[in-house]
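The structure under discussion appears below in the form of structure tokens.
Proteins get letters first, then strands, A, B, ... in listed order; numbering begins at 1 in each. What you see is a predicted model; the values in this text were computed from it and never measured.
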Amino acid sequence: MMKKELMKVVSHECIGENIFELTLEGMLVNEMKEPGQFVHLKVSEGSEPLLRRPISIANINKADEQFTVIYRREGLGTRVLSEKILDQYVDVLGPLGNGFPVQGVKPGETALLVGGGIGVPPLYELSKQLVKKGVRVIHVLGFQSSSVVFYEEKFAELGNTYIATVDGSYGQKGFVTDIIKKEEIHFDTLYSCGPTPMLKALESSYHHKNAYISLEERMGCGIGACFACVCRLQDDPNGYSYKKICSDGPVFKVGEVIL
Amino acid sequence: MMKKELMKVVSHECIGENIFELTLEGMLVNEMKEPGQFVHLKVSEGSEPLLRRPISIANINKADEQFTVIYRREGLGTRVLSEKILDQYVDVLGPLGNGFPVQGVKPGETALLVGGGIGVPPLYELSKQLVKKGVRVIHVLGFQSSSVVFYEEKFAELGNTYIATVDGSYGQKGFVTDIIKKEEIHFDTLYSCGPTPMLKALESSYHHKNAYISLEERMGCGIGACFACVCRLQDDPNGYSYKKICSDGPVFKVGEVIL
Amino acid sequence: MNRLHVKLPGLDLKNPIMPASGCFGFGKEYSQVFNLSELGAIMIKATTLEPRFGNPTPRVAETTSGMLNAIGLQNPGLQKVLSEELPWLEQFIVPIIANVAGSQVDDYVEVAKEISKARNVHALELNISCPNVKTGGIAFGTIPEIAADLTKRVKEVSEVPVYVKLSPNVSNIVEMAKAIEHAGADGLTMINTLVGMRLDLRTGKPILANKTGGLSGPAIKPVAIRMIYEVSQAVSIPIIGMGGVQSAEDVLEYFYAGASAVAVGTANFVDPYICPTIINKLPALLDKYGFDHISECQGRSWK
Amino acid sequence: MNRLHVKLPGLDLKNPIMPASGCFGFGKEYSQVFNLSELGAIMIKATTLEPRFGNPTPRVAETTSGMLNAIGLQNPGLQKVLSEELPWLEQFIVPIIANVAGSQVDDYVEVAKEISKARNVHALELNISCPNVKTGGIAFGTIPEIAADLTKRVKEVSEVPVYVKLSPNVSNIVEMAKAIEHAGADGLTMINTLVGMRLDLRTGKPILANKTGGLSGPAIKPVAIRMIYEVSQAVSIPIIGMGGVQSAEDVLEYFYAGASAVAVGTANFVDPYICPTIINKLPALLDKYGFDHISECQGRSWK
Ligand SMILES: Cc1cc2nc3c(=O)[nH]c(=O)nc-3n(C[C@H](O)[C@H](O)[C@H](O)COP(=O)(O)OP(=O)(O)OC[C@H]3O[C@@H](n4cnc5c(N)ncnc54)[C@H](O)[C@@H]3O)c2cc1C
Ligand SMILES: Cc1cc2nc3c(=O)[nH]c(=O)nc-3n(C[C@H](O)[C@H](O)[C@H](O)COP(=O)(O)OP(=O)(O)OC[C@H]3O[C@@H](n4cnc5c(N)ncnc54)[C@H](O)[C@@H]3O)c2cc1C
Ligand SMILES: Cc1cc2nc3c(=O)[nH]c(=O)nc-3n(C[C@H](O)[C@H](O)[C@H](O)COP(=O)(O)O)c2cc1C
Ligand SMILES: Cc1cc2nc3c(=O)[nH]c(=O)nc-3n(C[C@H](O)[C@H](O)[C@H](O)COP(=O)(O)O)c2cc1C
Ligand code: FES
Ligand code: FES
């Protein structure tokens with residue numbers, strides 16, 4: 001069930017250039033289930049910024065009633081968020097949306113998790129849940145450059161982890177799709193989150209596969225009421241059918257919606 | 001010379017119901033001269049609130065490059081200000097305006113300082129400077145009720161101090177003007193700051209006296225450029241003459257401007 | 001005595017607070033958050049004769065203390081609203097105000113005629129002011145004669161009272177309001193969004209795919225208050241006010257200006273509990289300012 | 001090469017940043033803070049034929065991310081501006097844009113004729129859009145024919161190029177702009193303030209003594225951007241843009257929208273150093289987005 005709660009900052013660290021890892025504590029954590037769901041954060045009391053900001057859940061720690069998000073400082077909202085200090089509170093609405101189906105892969109099978117930039121965070125909770133289930137995980141994570149690489153070791157603890165950077169300053173130079181081909185990675189299920197061009201490239205290569213992708217769109221309500229975040233369906237490209245990324249997604253099966 | 005400076009909070013205390021005493025440190029203090037001048041504070045970085053807030057200088061401590069203001073938490077601006085903590089910074093523009101003329105009274109003479117509510121603060125620096133000059137000071141301070149009385153002892157250290165409260169919960173019940181009459185206070189010069197009805201009452205009783213009053217008005221720029229804070233002159237009530245409270249005032253000689 | 005009870009044409013409101021059209025869908029999402037029967041009324045999403053997909057995305061962009069939207073009246077069309085959305089809402093004890101939109105007069109008339117027959121629709125709100133659709137919408141909202149004609153035509157067929165939603169993007173809001181009153185409207189709702197735009201610093205292009213969008217939120221409140229102040233003195237039909245309402249204090253300001261009920265739009269996105277929160281805070285606020293009943297506040301700025 | 005140099009009718013600007021009329025007086029106060037020669041130009045406070053005291057106080061009220069003002073064109077009148085204010089400004093190397101206001105056409109004509117002869121006045125800005133004076137002002141700003149006629153009359157007598165300042169309180173800003181261009185204006189400045197109001201929660205009455213006031217500040221920026229975007233595509237005379245500018249980024253957005261120079265109003269009150277600060281930050285911003293010269297940004301949203 002979606003809840004709204006003022007959650008306490010229990011840790012907040014800069015883990016890369018403009019990349020922050022924020023852990024919040026509160027009862028809302030008990031509602032979190034699927035990896036790939038997101039929270040909608042109100043970062044200030046007033047109307048500056050006015051709207052909430054959607055951020056993916058990167059790690060769920062039910063024992064301590066804590067969860068973690070990883071975000072990039074972009075504009076006003078994430079800048080204000082980045083100024084929160086220990087013991088301050090953040091207004092959280094969540095968990096929202098439908099995440100990655102862990103049941104989409106069986107124990108013993110292989111799952112490939114492909115993340116790009118700030119799309120990497122939700123894959124961490126996903127990977128944890130898959131490993132727990134007995135699934136073999138392989139991670140291919142793409143970043144702009146070495147300064148914004150994060151969580152490499154954490155992912156490596158869970159499974160094979162390849163890093164690509166666009167400028168070659170870390171890991172292999174190039175895009176995640178290059179690595180998948182070069183390393184001849186085979187998998188039963190693909191899970192991905194990242195920039196649309198990356199998702200499009202994956203879709204065109206693996207549309208026949210069991211693949212799930214997580215989308216982004218500018219949001220208003222985050223709960224399905226305002227129609228800000230709709231996308232069209234591939235089998236009705238000019239019709240009236242649609243999905244809402246916030247409440248039907250953000251994760252869709254590859255081939256379902258138009259990227 | 002007016003300056004703009006980010007000044008450091010060196011002390012911030014609640015000294016009455018919704019009454020705060022804030023001390024700031026920085027080089028701008030070196031520019032402060034007359035008691036009764038004010039500073040124009042920007043309490044947040046963004047546009048919420050957008051405009052600066054005028055607050056009188058209550059105490060100047062040149063030795064430590066510190067000054068103090070006392071303010072009442074009213075609306076958004078003073079609420080945000082009240083949340084500033086030690087070592088944070090406040091954006092100060094000042095000192096602004098023309099204060100109380102200390103040269104309006106000679107050593108050995110008696111000055112009566114009459115304050116109402118949140119008009120009391122600038123009288124403290126004034127009283128200090130008068131005492132230093134060898135002037136005998138008498139304070140008559142009016143407040144709404146006991147919960148918002150402040151600085152009684154500090155004023156008492158400088159001279160005779162009478163307190164009036166509207167509801168009689170502290171000091172004498174009634175208005176400052178009642179006390180002046182009842183106590184048969186005699187004086188050479190009158191200085192006053194407080195709500196307009198109080199100033200009007202003083203004006204009608206003491207218009208023939210050497211008296212100075214400090215006015216308030218909603219302000220834009222605070223420096224004389226926007227014409228938000230003009231008032232008319234008593235000797236040209238319907239003409240084009242005017243004074244700007246921010247830059248010609250806030251202190252005027254009684255009888256000069258229309259209240 | 002219910003201190004918040006307000007009676008308007010067609011509407012017996014247990015309190016004067018309702019979500020604004022387009023900011024609450026057809027209620028389903030918010031029903032997960034609170035009991036919709038707590039609301040004074042619900043203004044449902046604009047309904048058009050045929051289904052609409054609306055504009056391409058991005059459809060929203062934030063501005064200082066406001067937001068732009070260009071949803072483009074996406075909705076499932078009259079038939080589905082009648083067969084699915086409205087019946088679903090019948091489980092709640094709350095009057096529905098159906099927001100009606102179209103590209104031409106006949107569309108409005110057709111939708112109004114059918115939707116006004118629905119059991120829980122107690123009033124219509126003619127959306128003659130949507131800035132985000134290419135045809136119709138805003139033209140109806142800026143030319144008094146056209147608005148008046150539309151109002152008349154809809155009044156002829158509607159089985160419930162008709163409120164007309166005014167656009168703030170006009171030179172003379174009073175002239176507009178009077179023309180609509182004269183044409184027989186039972187009430188006014190105001191204001192719809194101001195037309196605005198935001199550009200992307202990197203590309204230089206508009207952030208919204210539709211380029212322009214409707215500005216809502218606290219930024220526009222002073223414009224709404226001014227218009228309601230002016231219009232409420234010039235007409236004798238009631239006004240449901242909206243634009244940037246975020247708190248019980250804002251509701252009071254709208255009543256002072258001349259509104260008889262208040263709708264909450266953008267603030268629902270910020271805080272899904274905002275409507276019940278405001279409703280619960282209103283009695284204490286009436287106490288604070290010494291009112292027995294909320295209707296005592298109505299028009300206080302000019303009365 | 002001066003990357004900020006902009007040439008407009010009558011105006012050779014070392015940079016495209018200038019304080020907006022009414023937000024900088026006649027420069028004296030801000031000259032205590034920085035050297036006015038740093039500015040691209042100065043738009044001085046509205047000048048009328050006779051001195052004006054303006055409206056009663058309170059004249060300003062704050063709103064969410066904006067402010068309302070109802071100064072009422074207080075100014076010392078044409079003669080004093082000619083004999084005192086303008087000569088004082090001659091010590092600075094900065095072109096002056098004289099904001100001209102009046103209650104009737106003849107007033108405008110008279111002021112324009114005289115003030116355009118002043119040595120440092122390089123252009124006029126016809127204020128046909130002040131919402132805060134009872135007579136004139138806004139009527140000129142909402143009816144295209146009246147605005148066009150006024151423009152023509154002033155053009156006949158002015159010795160310098162004439163810019164006309166548009167009101168945003170109109171149904172059709174493009175129609176207005178075209179009529180004014182057609183009448184011979186050399187440029188446009190936009191936008192003036194939106195008409196708004198704020199009520200006092202305690203009394204229920206308007207905070208401003210004038211009741212309504214002009215809304216300025218960041219709240220109105222999306223409306224200004226949209227209007228400049230529309231007008232710049234419809235006319236071929238240049239636009240000086242304004243409304244909520246607070247940063248070099250805002251200036252870029254105005255250029256993208258279609259402005260050729262930018263004025264800063266309310267932000268001067270927030271930060272008296274804002275104009276030189278923006279000017280100093282612009283070159284680095286041009287670097288960041290890969291422009292050699294600021295004029296490359298002009299109209300990028302639609303070009
Ligand atoms: C489902 C979902 C999950 C996300 N998860 C993460 C995450 O885990 N970590 C992370 O760093 N970012 C994530 N994002 C992107 C994040 O929401 C934006 O970076 C953030 O909203 C930018 O806000 P801002 O105020 O800093 O930037 P601004 O550019 O100032 O934002 C202005 C407006 O644009 C919207 N906006 C801007 N960029 C985006 C974007 N890419 N997607 C959606 N809205 C945007 C903002 O929400 C806001 O309304 C996610 C987005 C979505 C939709
Ligand atoms: C020269 C001068 C000196 C002052 N000195 C003090 C002082 O020492 N201590 C103190 O507590 N207060 C003082 N005030 C009053 C103080 O400025 C206001 O209480 C304060 O601005 C209220 O801001 P707010 O955001 O809390 O309230 P809000 O009501 O939310 O303010 C909204 C707007 O109204 C203006 N405003 C509201 N009330 C006043 C007022 N009484 N005078 C001027 N503007 C107002 C604000 O500046 C702001 O622009 C002084 C005012 C002036 C003009
Ligand atoms: C996302 C969104 C969608 C809207 N859709 C509609 C609509 O379908 N019909 C309508 O009449 N108004 C619509 N509006 C306007 C609102 O009903 C309301 O008039 C406006 O947003 C001002 O109120 P606010 O500032 O509280 O949001 C919409 C507003 C928003 C923000
Ligand atoms: C206090 C104040 C006084 C103003 N006086 C004038 C004026 O005399 N003439 C004029 O054309 N515009 C006047 N304006 C409008 C501004 O020049 C400008 O168009 C408007 O404020 C929008 O810009 P901003 O948001 O940067 O303030 C005034 C604005 C303010 C806030
Ligand atoms: S963000 Fe409102 S429907 Fe998705
Ligand atoms: S506040 Fe601007 S002139 Fe006084």
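In this structure, B:Q144 places its CD atom where only 12 or fewer heavy-atom neighbours from other residues, nucleotides or ligands lie under 6.0 Å away. More than 12 heavy atoms of other residues, nucleotides or ligands lie within 6.0 Å of NZ in B:K4, so this atom counts as buried by the packing criterion. Residue B:M27 qualifies as open at atom CE: its count of foreign heavy atoms under 6.0 Å is 12 or below. Counting heavy atoms of neighbouring residues, nucleotides and ligands inside a 6.0 Å radius, atom CZ of B:F175 does not exceed 12 of them. For D:K288, the NZ atom sits in a loose shell: 12 or fewer heavy atoms of surrounding residues, nucleotides or ligands are nearer than 6.0 Å. Shown here is D:K205, whose NZ atom has more than 12 heavy atoms of other residues, nucleotides or ligands within 6.0 Å. Other residues, nucleotides and ligands contribute only 12 or fewer heavy atoms inside 6.0 Å of the CD1 atom of D:I93. By the 6.0 Å contact criterion, NZ on D:K211 is open, its count of non-hydrogen atoms from other residues, nucleotides or ligands being 12 or less.
Ranked by non-hydrogen atom pairs under 4.5 Å with chain B, the options D:P51, D:P272, D:G25 are led by D:P51. Among B:C226, B:G46, B:G77, the residue with the largest count of heavy-atom pairs under 4.5 Å with chain D is B:C226. For the set D:T57, D:T266, D:T64, the count of heavy-atom pairs under 4.5 angstrom toward chain B peaks at D:T57.
Using a 4.5 Å cut-off between heavy atoms, D:K28 does not touch chain B at all. For a residue to count as touching a neighbouring chain, one of its non-hydrogen atoms must lie under 4.5 Å from one of that chain's; by this rule D:F26 does not touch chain B. At a 4.5 Å heavy-atom cutoff, the contact between B:R218 and chain D is made by backbone and side-chain atoms alike. For a residue to count as touching a neighbouring chain, one of its non-hydrogen atoms must lie under 4.5 Å from one of that chain's; by this rule D:P58 touches chain B with backbone and side chain alike. With a 4.5 Å cut-off on non-hydrogen atoms, B:M1 touches chain D through its side chain but not through its backbone.
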| task | Any chance you could lay out the side chain to side chain contact (heavy atoms under 4.5 Å, CB included) test for D:R59 and B:V230, step after step, and finish with the verdict? | result | CA-CA 9 Å; D:R59 292 177 172 187; B:V230 298; 3.2 Å; yes
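Side-chain contact between B:L76 and D:E62: absent, with no pair of heavy atoms (C-beta onward) separated by less than 4.5 Å. In this structure, the side chains of D:E29 and B:S247 stay at 4.5 Å or more apart for every pair of heavy atoms. With a 4.5 Å cut-off on side-chain heavy atoms, B:I223 and D:Y30 count as touching.
Closest heavy-atom contact between D:S65 and B:L50: C-CD2, 4.1 Å. Between D:F53 and B:Y242 the shortest heavy-atom distance is CE1-CB, 3.6 Å. Heavy atoms only, all atoms of each residue included: B:L51 and D:F269 are closest at CD2-CB, 4.3 Å.
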